[in-house]
A.B. asks: 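Take this structure first; my questions come after.
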Amino acid sequence: MSSSASSKSASIASESIASESIASESTARARIFSRLNASKSAFIDKPTDEASQCAEQSINWQPWHSDNRDMLSARLRDTIAASHAEVHHIEANALESALVDCLNTESVSRLVVGKTNSLASALNAACPTMTVTKYDQDIETFKSALFHDIDAGLSVCPAAIADTGTLVLLTGEEEPRALSLVPPMHIAIIRERDIVANFGALMETATWTRANWSEDPLTNLLLISGPSKTADIQQTLAYGAHGPKRLIVFVVKEQP
């Protein structure tokens, strides 16, 4: 057999195999969709008691709610602690000293804060061995120091959701996203008056209005419900894989 005839036969064989493969895939796809559609039809036509009960529960579900500041605070502390955050409940007049104790205990030598953070000067004065850096640079300029030199980031949260144990940050020029996402430790402050019951309640706050999320959001809304964590296929949980390994939260008590 000539070389050209051999090549032509091989080409015809390859095309035949490819056609059979496509046909097989098409048949398998049709079979899968047929089973899915049949299952869906059976569920709609004759739902089980369990499915009906689940649907009814979904319709009647309401988010957790409370207007009591003590209950909101307790719920937030419990839920965020359950997500591996370290929580401190302190009086307002003890905030600075509690922060200093924390920073000294954790041997933080370089702290980064937002450029308008009002605690920067006090912490700088109280911790002479620590450098407080304001995040007022472009990410390209600050990236090397942020990833290699910074020990912790400090944020003051404008809101938090008690039900899910979630801290809320409005990121932007004053609070860059990397401040709370890159350093290995994130220290967050939330005042009890800024805690809301659920996400729906958050949408009614001044924080939501300021972010203009109902119309044309100008910034990212960062929701933090614990330190960075991930798990492998064996379900082994690891912390710090994609962000801060530790989240330290100071919930500040306030007089009624």
Side-chain angles (χ1 to χ4, degrees), residues 62-93 95-96 98-99 111-120 122-123 134-136 139 152-183 185-228 243-244 247-256:
Q62 293 294 326
W64 181 87
H65 180 77
S66 176
D67 292 320
N68 183 285
R69 181 174 291 179
D70 290 338
M71 290 185 66
L72 289 167
S73 177
R75 176 87 173 193
L76 174 70
R77 286 180 276 121
D78 288 345
T79 49
I80 200 167
S83 295
H84 210 71
E86 303 161 46
V87 183
H88 302 274
H89 195 205
I90 59 170
E91 300 287 347
N93 57 11
L95 175 59
E96 287 186 14
L99 284 171
L111 177 74
V112 63
V113 300
K115 69 177 187 178
T116 59
N117 192 306
S118 60
L119 294 165
L123 293 177
K134 288 194 174 184
Y135 198 146
D136 55 3
I139 182 62
L154 174 66
S155 302
V156 179
C157 303
I161 302 171
D163 187 23
T164 54
T166 303
L167 304 174
V168 179
L169 286 173
L170 296 179
T171 63
E173 186 177 349
E174 295 182 1
E175 180 78 26
R177 276 187 304 169
L179 189 156
S180 56
L181 296 178
V182 174
M185 182 189 304
H186 181 211
I187 302 171
I189 300 167
I190 178 68
R191 301 184 186 279
E192 288 186 333
R193 67 169 178 262
D194 296 322
I195 302 173
V196 298
N198 51 61
F199 194 85
L202 174 67
M203 295 174 68
E204 299 175 357
T205 64
T207 297
W208 186 271
T209 302
R210 189 163 66 252
N212 201 33
W213 264 72
S214 296
E215 301 296 334
D216 182 21
L218 304 176
T219 182
N220 290 300
L221 190 69
L222 195 59
L223 305 176
I224 302 170
S225 296
S228 170
L247 173 62
I248 301 175
V249 183
F250 288 89
V251 180
V252 182
K253 301 178 186 177
E254 294 177 306
Q255 296 299 323

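The structure presented is a predicted model; accordingly, all values stated were derived computationally and were not measured.
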A.B. asks: Could you tell me whether the side chain of R191 reaches within less than 4.5 Å of the side chain of L95, counting heavy atoms only?
C.D. replies: yes

A.B. asks: Show me the pairs that pass side-chain hydrogen bond (donor to acceptor under 3.5 Å, both in side chains) and involve residues 196-205, at least two apart or across chains.
C.D. replies: none

A.B. asks: So, taking the atom named NE2 in H88 and the one named CG in L99, what distance separates them when rounded to the nearest 0.5 Å?
C.D. replies: 9.5 Å

A.B. asks: State, to 0.1 Å, how close T79 and A162 come at their nearest heavy-atom pair, and which atoms those are.
C.D. replies: OG1-O, 3.0 Å

A.B. asks: Can you tell me how far the OG1 atom of T164 sits from the CG atom of L76, to the nearest 0.5 Å?
C.D. replies: 8.5 Å

A.B. asks: Search all heavy atoms of S228 against all heavy atoms of G243 and return the closest pair with its distance.
C.D. replies: OG-N, 3.1 Å

A.B. asks: Could you point out which residue of L119, N117, L154 forms a side-chain contact (heavy atoms from CB on, under 4.5 Å) with L111?
C.D. replies: L154

A.B. asks: My understanding is that only residues two or more places apart in sequence, or in another chain, count here; which of them pass ring-ring contact (aromatic ring centres under 6.0 Å, His included) with H84?
C.D. replies: Y239

A.B. asks: Mind checking side-chain contact (heavy atoms from CB on, under 4.5 Å) for N68 and listing every partner two or more places apart, or none if nothing turns up?
C.D. replies: S66, D70, M71

A.B. asks: When rounded to the nearest 0.5 angstrom, what is the spacing between CD1 in I80 and OG1 in T166?
C.D. replies: 7.0 Å

A.B. asks: Can you give me the closest heavy-atom contact between V87 and A81, atom names plus distance?
C.D. replies: CG2-CB, 4.0 Å

A.B. asks: Is it true that S73 and R69 share a donor-acceptor pair across their side chains at a distance under 3.5 Å?
C.D. replies: no

A.B. asks: What closest approach, in Å, do A188 and C157 show between heavy atoms, and which atom pair accounts for it?
C.D. replies: CB-SG, 4.0 Å

A.B. asks: Can you confirm whether L170 sits close enough to W208 that some side-chain heavy atom of one is under 4.5 Å from a side-chain heavy atom of the other?
C.D. replies: no

A.B. asks: Please round to the nearest 0.5 Å and tell me the distance separating atom OG of S83 and atom CG of L247.
C.D. replies: 9.5 Å

A.B. asks: Step by step, work out the side-chain contact (heavy atoms from CB on, under 4.5 Å) result for L167 and L223.
C.D. replies: CA-CA 6 Å; L167 304 174; L223 305 176; over 6 Å; no

A.B. asks: Using salt bridge (charged side-chain N to carboxylate O under 4.0 Å, His left out) as the criterion, list what pairs up with R75, not counting sequence neighbours.
C.D. replies: D163

A.B. asks: To the nearest 0.5 angstrom, please state how far the CD1 atom of I189 sits from the CD1 atom of I248.
C.D. replies: 11.5 Å

A.B. asks: Can you see which heavy atom on V249 is nearest to which on A85, and at what distance?
C.D. replies: CG2-CB, 4.3 Å

A.B. asks: List for me each residue that meets side-chain contact (heavy atoms from CB on, under 4.5 Å) alongside S155, sequence neighbours excluded, and say none if there are none.
C.D. replies: L169, E175, L179, S180, H186

A.B. asks: Kindly write out the residues that satisfy side-chain contact (heavy atoms from CB on, under 4.5 Å) with A120, not counting sequence neighbours, or none if the list is empty.
C.D. replies: V113, V132, K134

A.B. asks: How long is the span from the CD1 atom in I224 to the CD1 atom in I161, to the nearest 0.5 Å?
C.D. replies: 11.5 Å

